[in-house]
Colleague: 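This structure is in structure tokens; I'll ask about it shortly.
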Protein chains: 2
Amino acid sequence: MATIGDVAKAAGVSRSTVSYALSGKRTISSETRERIESAIDLLGFTPNAGARALATSQTMVIGLLVQFFRDEFSPAMLQYVLPISDAAREAGYDILMVTEDDGPKALRRITDSDMVDGVVLLNVAHEDERVPPLRAARQPGALVGLPKDTEGLDVFDLDFGEAARMLVDHLHGLGHREIILISPHEHVITRGGAYAWRFRDAALERAARYGLRIYPYDGETQQPAISESLDSILDQRPTATAMIVHNDAMIAGLPPVLNARGVRVPDDLSVVGIFSEDFGRLFSLPYTAIETSPDKLGRAAVQALVQRMQDPDSAGAPVVRFIAPELTDRGSTR
Amino acid sequence: MATIGDVAKAAGVSRSTVSYALSGKRTISSETRERIESAIDLLGFTPNAGARALATSQTMVIGLLVQFFRDEFSPAMLQYVLPISDAAREAGYDILMVTEDDGPKALRRITDSDMVDGVVLLNVAHEDERVPPLRAARQPGALVGLPKDTEGLDVFDLDFGEAARMLVDHLHGLGHREIILISPHEHVITRGGAYAWRFRDAALERAARYGLRIYPYDGETQQPAISESLDSILDQRPTATAMIVHNDAMIAGLPPVLNARGVRVPDDLSVVGIFSEDFGRLFSLPYTAIETSPDKLGRAAVQALVQRMQDPDSAGAPVVRFIAPELTDRGSTR
DNA sequence: CTGAAAGCGCTTACAG
DNA sequence: CTGAAAGCGCTTACAG
């Protein structure tokens with residue numbers, strides 16, 4: 001492969017001149033610039049990324065730590081990964097995607113060896129073991145998901161409390177008095193998925209204020225447990241007129257169950273959920289829902305990270321930003 | 001950050017000795033080894049990846065080129081990405097995941113700049129624009145999916161022809177004489193997704209040999225077109241007793257349609273498909289199907305690539321390997 | 001407007 | 001068993 005030295009030789013200039021022509025960091029006479037450019041074309045020169053990284057202390061790579069749980073519904077993850085990858089590329093960064101089970105170890109590996117300029121953590125838990133090593137790393141980090149201790153990190157998440165209140169308000173406004181509430185699988189809570197209880201607690205509190213009856217249930221993640229669980233819940237609560245589902249797997253499995261029972265939406269039951277537009281389209285979900293905006297969250301995380309990587313001083317104090325929930329009315333309530 | 005020089009100083013040895021202690025490429029007296037190790041622990045030293053890459057010409061990174069199409073069903077992609085990432089890590093490699101729209105350009109960028117030691121291409125088309133630049137790159141490449149010209153590349157794919165024949169044989173053996181065949185969306189064919197016609201053509205040919213009636217249709221990718229299309233097909237072919245579905249989106253949308261029409265499987269209609277176990281579980285598909293084994297394919301691609309990256313000479317001639325299809329009987333035929 | 005040189009942090013022949 | 005030195009391919013002060 002051609003090096004910067006080959007280009008310099010072919011163009012009859014020094015290596016530094018080629019480097020400056022590449023970076024534009026000093027003025028080059030148009031004559032030499034042209035000689036350099038044709039030499040580059042001729043030799044098909046592309047700067048070696050490792051050498052550049054060594055010289056500049058910048059890799060132009062962002063580490064993306066993805067976490068998969070067997071008992072979690074997977075298709076949702078891609079909705080975060082893609083926008084993050086796109087946003088990174090737009091800012092000139094590539095993505096090193098790490099899916100190792102041992103997140104803290106993987107994180108230390110890529111930060112200590114300076115493989116990346118910054119890190120995005122996905123699917124962050126309340127007491128996420130990746131957070132302390134990220135905080136200790138010399139690279140900045142941005143999180144998608146709210147941990148207990150956010151100090152020193154940029155954090156982005158949906159406002160799950162507000163989302164729950166909006167849904168309860170919506171149903172209350174329509175006159176519903178008895179509401180089924182389906183939460184994520186209890187493993188999500190055990191694992192510290194704070195969004196689970198942030199949503200549920202807010203819903204319960206709001207319902208209590210209105211004097212509504214609310215029937216909380218944990219959800220399942222796999223068939224046939226999903227359908228069985230839905231059937232059992234509906235059997236137990238024949239007087240409920242509305243249902244709030246905060247569980248991707250459960251709401252994806254809901255249509256056939258309602259269909260089989262002859263329950264019409266919204267005539268017999270009002271149903272609301274919280275999922276992304278893409279997810280709803282994927283599973284053809286006809287339900288009014290809070291949009292979870294994975295693309296907004298991912299992009300916001302990358303933006304903040306890029307800012308901090310490129311100009312650590314001007315980036316200011318770390319932020320915790322909640323995306324405001326928006327209700328998409330699909331006509332499944334009344 | 002501590003460098004190898006700091007460690008050397010702290011341990012009272014030369015930098016080369018530290019390096020050799022790290023790599024184990026020459027014998028070190030246990031005494032010096034211990035001094036070095038405690039110095040490493042003390043300073044928290046991790047070798048700089050960029051410097052190492054520069055010195056060794058090895059990045060220990062694999063480029064993974066993912067391609068997303070808006071009219072394609074996305075959840076399937078993750079099933080390939082994850083096993084590839086896992087297999088790479090087991091072999092000591094990290095994954096640089098590239099999702100850019102301009103695949104050829106992205107490919108040149110990461111190979112020309114030596115960011116990666118090798119490349120895996122996912123979702124390969126018949127005349128895939130990424131293949132020529134990959135062939136031109138100095139790094140080896142492995143493909144998941146069969147292109148027209150496989151020269152110089154390791155290629156892994158399911159044997160879609162054999163898969164189609166197995167399904168036709170299966171239905172023929174049960175006495176079916178009229179079969180509906182649902183293919184991927186026609187865009188998949190336009191785009192050069194060879195698996196579409198490899199499967200379809202083999203099915204048609206096999207059916208012709210048996211003298212079976214086969215009714216071929218293209219599928220849709222989005223609701224409500226999916227349901228409408230299924231309904232229309234079933235309306236058109238009331239005499240068909242079996243259905244072969246080679247389309248993730250269509251088969252995921254099939255259960256509610258059959259349910260609504262009161263069609264019982266397998267009593268009224270035998271249904272077979274071709275999808276992965278994970279996919280089937282995700283959508284609770286109760287259909288006998290050919291297992292597409294994305295994990296096997298991904299892992300095989302990584303293995304071949306690692307072999308070629310680590311020992312280009314002994315790796316031998318490039319291979320085109322078809323994974324043998326396996327039928328998973330879920331009792332949806334008779 | 002341009003060049004010679006030092007330096008980024010490693011590895012690995014060469015030497016002893 | 002260990003060290004001094006060259007080299008990987010860049011960037012960037014320093015100098016003119």
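Residue numbering restarts at 1 for every chain, and letters A, B, ... go by the order of the sequence lines.
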Colleague: dC10(C) P sits how many Å from Leu22(B) CG, rounded?
Modeller: 9 Å
Colleague: Where the side chain of Val13(A) is defined as all heavy atoms beyond and including C-beta, which of dG3(C), dC8(C), dG9(C) is the nearest nucleotide?
Modeller: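 For Val13(A), the side-chain atoms sit closest to dG3(C).
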Colleague: Select base, sugar-phosphate, or nothing to describe what Ser29(A) touches, counting heavy atoms under 4.0 Å on all strands.
Modeller: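 Answer is sugar-phosphate: Ser29(A) comes under 4.0 Å of backbone atoms only.
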Colleague: Given dT12(C), dG7(D), dG7(C), which nucleotide is nearest the side-chain atoms of Thr56(B)?
Modeller: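 The closest nucleotide is dT12(C).
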Colleague: Given atom CG of Asp6(A) and atom C1' of dC8(D), what is their separation to the nearest angstrom?
Modeller: 13 Å
Colleague: Quick check: on DNA chain D, is the nucleotide nearest Ala51(B) upstream (toward 5') of the one nearest Gly12(B), or the reverse? Name the residue that is more 5'.
Modeller: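 It is Gly12(B), whose closest nucleotide lies nearer the 5' terminus.
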Colleague: Asn48(B) CG to dG9(C) C1': how many Å, rounded?
Modeller: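 Distance check: Asn48(B) CG to dG9(C) C1' gives 6 Å.
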Colleague: Does Thr32(A) reach a base, just sugar-phosphate, or nothing at all? Heavy atoms under 4.0 Å.
Modeller: sugar-phosphate
Colleague: Roughly how many Å is it from CD in Gln58(A) to P in dG7(C), rounded to a whole number?
Modeller: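 Atom CD in Gln58(A) sits about 21 Å away from atom P in dG7(C).
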Colleague: Out of dA13(C), dT11(C), dC10(D), which has the shortest distance to the side chain of Arg15(A)?
Modeller: dC10(D)
Colleague: Between Arg109(B) and Asp94(A), is there a side-chain N and carboxylate O pair less than 4.0 Å apart?
Modeller: yes
Colleague: Just checking, any donor-acceptor pair under 3.5 angstrom between side chains of Ser19(B) and Ser16(B)?
Modeller: no
Colleague: Using a strict threshold of under 4.0 Å (side-chain N to carboxylate O), is an ion pair present between Arg191(B) and Glu127(B)?
Modeller: no
Colleague: Please identify which of these residues, Thr150(B), Leu153(B), Leu107(B), Asp149(B), meets the side chain to side chain contact (heavy atoms under 4.5 Å, CB included) condition with Val131(B).
Modeller: Leu153(B)
Colleague: Quick one: do the Arg130(A) and Gln67(A) side chains pair a donor with an acceptor below 3.5 Å?
Modeller: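 Side-chain D/A pair, Arg130(A) to Gln67(A): present.
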Colleague: What is the distance from CG of Leu43(A) to C1' of dG9(D), rounded to the nearest Å?
Modeller: 15 Å
Colleague: Any side-chain N or O of Thr27(A) less than 4.0 Å from the OP1 or OP2 oxygen of dC1(C)?
Modeller: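 Result: yes.
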Colleague: Of the listed nucleotides (dT11(D), dG9(D), dT12(C)), which one gets closest to any side-chain atom of Ser19(B)?
Modeller: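 Looking only at side-chain atoms, Ser19(B) lies closest to dT12(C).
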Colleague: Send over the distance from Leu54(A) CG to dT11(C) P, rounded to a whole Å.
Modeller: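 So the two atoms are 12 Å apart, to the nearest Å.
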Colleague: dT11(C), OP1 or OP2 - any side-chain N/O from Lys25(B) closer than 4.0 Å?
Modeller: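 So the side chain of Lys25(B) is outside the cut-off, no N or O lying under 4.0 Å from OP1 or OP2 of dT11(C).
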Colleague: Give the rounded distance in Å between these two atoms: NZ of Lys9(A) and P of dG9(D).
Modeller: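 To the nearest whole Å, that distance equals 12 Å.
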Colleague: Please tell me which of the listed nucleotides, dC10(C), dT12(D), dC8(D), lies nearest to the side chain of Tyr20(A)?
Modeller: dT12(D)
Colleague: Could you tell me the Watson-Crick or G-U partner of dA13(C), where both distances fall under 3.5 Å? Say none if there is no partner.
Modeller: none
Colleague: At 4.0 Å (heavy atoms only), tell me whether Ser16(A) reaches a base, stays on the sugar-phosphate, or touches nothing.
Modeller: base
Colleague: Would you tell me if any nitrogen or oxygen in the side chain of Ser14(A) comes within less than 4.0 Å of OP1 or OP2 on dG3(C)?
Modeller: yes
Colleague: Go ahead and name the base partner of dA4(D); Watson-Crick or wobble counts if both distances stay under 3.5 Å, otherwise write none.
Modeller: none
Colleague: Between dC1(C) and Arg26(A), is there an OP1 or OP2 to side-chain N/O distance shorter than 4.0 Å?
Modeller: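 Negative; the distance criterion is not met.
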Colleague: Within the structure, does a side-chain N or O atom of Thr17(B) lie under 4.0 Å from either OP1 or OP2 of dG3(D)?
Modeller: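 Answer yes for this pair, as a side-chain N or O of Thr17(B) is under 4.0 Å from OP1 or OP2.
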Colleague: Under 4.0 Å between a side-chain nitrogen and a carboxylate oxygen: does that hold for Arg138(B) and Asp114(B)?
Modeller: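 Salt bridge: yes.
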Colleague: Using whole Å, what does the distance between atom C1' of nucleotide dT2(D) and atom CD1 of Ile36(B) come to?
Modeller: 10 Å
